[in-house]
Amino acid sequence: MTGPKTGIFIGNEWVEGNGTFDTVNPSTEEVIAGVERGGEREVDAAVAAAREAFRGEWSKVKPPERARMLYGVARELERRAEEFARLETLDAGKPLQHARAEMASCAAYFDYYAGAADKIHGDTIPQGPDHLGFTVREPVGVTAHIVPWNVPLGMVCRGLAPALAAGNTAVVKPAEQTPLTALKFAEIFLRLGFPAGVYNVVPGYGEEAGKALSEHPEIDSMTFTGSVETGKAVLRAAAEHVKPVVAELGGKSPQVVFADSDLDLVASEVSKGIYSNTGQYCDAGSRLIVEDSAREPLLERLVENAKGWKIGPGMESLDLGPLVSEEHFGRVTGYIESGEREGAEMLIGGRAEEFDRGYFVSPTIFDGVERGMRIEREEIFGPVLTVQSFADAGEASAMANDTPYGLAAAIYTKDIDKALAFATDVQAGNVMINEYYAGGMGSPFGGYKQSGTGREKGLAALDNYTQIKNVTVRIRR
Ligand code: NAD
């Protein structure tokens, strides 16, 4: 593996910023590298480079050629997947096997949208015999992408691939905790001969580089993935220049279990839904809502399952890596303490005491959770499951919807009527029946309520990165 790239990538060149900031290996607490710190000036330069590419070289690349280039990104990423996966594991702490899966999904985003690049077209609009009306779907221009640390390169590729496929250029601001794979990705664009300015990366702090990018008058759209609080700030900044925002925000997603389901299978799905990536998925199924009669047998199985997760440094590729940072570790353990203080009963879990270094928390289950407790209301973003129970289907849906979030929801039952009635009633952008994280590249993803606006993934995402021009011609008088 070559050393991690630590510069700022603007217009196909590596430049310096205003000093550096450290990125840390969360498994060992060791500093991996000092990364150049971008601010307003670098964001300005990156947006200018992206604008020039959009007006110039990139606009001359015809859609089928654009498709070939994007397929090229996928192949190159596959060829170097191990190198990228190791860097991701080092920076984000996730088990190597998960980082490998992340790289495979990054390549899949590029394949999916490469296939769409020459199929983005408008409609003809009936106007009667004297007019011809049609629409053209044009790229929006310079797209900005602010991403979080939980799936660092995955969150870049999810927005970047459709943006480039539609003919836009991009400025990416990775999370300060995990900037390394987004930077390394630049090597692929250089190697494949992409025009300067198509892909730009400005690492740095949210309050500096992130804020400067969201406030920049010359960006044409913003894709923000992160917390609700920051999302609101980004939406306010975008309003100043009337820019569209895709906001992919947090969640407090329910997993509803009916007593007629196969409880062994459910225990493994519920656990996967909350513990994967150490609970650091926006759509983690953090609230178990179980039918009264299934509660005891399911909890027994869940506690057994929780004991089976092997925890350790990402490079050892066990089941559960550390949380991403010391700060986040403090946040998650703070929620665990608050659950105990507020009277919930911790059946298993808490801080993983066996490690004297690294930010490890064990799979944690809280029973006796009451409405209004902080662990019941707020997104913890760690491997912490809360348990509540219900008496009938109406109550289950009401509890599932009793949250300001609406990102995902799962239901487990053998009764198709119950499953589809729940899917209809639940206010969530993504409903999964009998399997957590079911869905693929083509499945649109996004939030109801405060979980966000707009949709990523699927052909729906192309709407974020195109604008419709209507043309009407008078052909006869
Ligand atoms: P965060 O909001 O703290 O940071 C996200 C990004 O925003 C980072 O790059 C950060 O540097 C930047 N940022 C911070 N302050 C900013 C500002 N004032 N202006 C502009 N940018 C700023 O979120 P996080 O802690 O990195 O990520 C965790 C959150 O992300 C969770 O809430 C999780 O649910 C959410 N998330 C959502 C999705 C989704 O698809 N809905 C996916 C992954 C993560």
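A quick note: this is a predicted structure, and the numbers were derived from the prediction, not measured. Each ligand, and each atom within it, is numbered from 1 in the order the structure gives.
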- Message: Please output the residues near ligand 1 using a strict heavy-atom distance under 4.0 Å, listed in chain and residue-number order.
- Response: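 Lining ligand 1 at under 4.0 Å, by heavy atoms, one finds Ile146, Val147, Pro148, Trp149, Asn150, Met155, Arg158, Lys173, Pro174, Ala175, Glu176, Gly206, Glu207, Gly210, Lys211, Phe224, Thr225, Gly226, Ser227, Thr230, Val234, Glu248, Leu249, Gly250, Cys282, Glu379, Phe381, Leu407, Phe445.
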
- Message: For Thr453, give me all partners under side chain to side chain donor-acceptor pair (under 3.5 Å), at least two apart in sequence or on another chain.
- Response: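 Counting only residues at least two positions away or on another chain, Thr453 forms no side chain to side chain donor-acceptor pair (under 3.5 Å).
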
- Query: When you look at CD of Glu378, are more than 12 heavy atoms from neighbouring residues, nucleotides or ligands closer to it than 6.0 Å?
  - Reply: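 More than 12 heavy atoms, drawn from other residues, nucleotides or ligands, come within 6.0 Å of this atom.
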
- Message: Looking only at the aromatic ring of each residue, does the gap between the centers of Tyr437 and Tyr281 stay below 6.0 angstrom?
- Response: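 Between Tyr281 and Tyr437, the centre distance is under 6.0 Å.
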
- Item | Listed partners of Glu102 passing salt bridge (charged side-chain N to carboxylate O under 4.0 Å, His left out), at least two apart |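 For Glu102 the salt bridge (charged side-chain N to carboxylate O under 4.0 Å, His left out) partners, ignoring immediate neighbours, are Lys94.
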
- Quick one: salt bridge (charged side-chain N to carboxylate O under 4.0 Å, His left out) pairs with a partner in residues 10-33, sequence neighbours left out?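 Non-adjacent pairs meeting salt bridge (charged side-chain N to carboxylate O under 4.0 Å, His left out): Glu30-Arg357.
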
- Is there a donor-acceptor contact under 3.5 Å linking the side chains of Glu269 and Tyr412?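 No, no side-chain donor-acceptor contact under 3.5 Å.
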
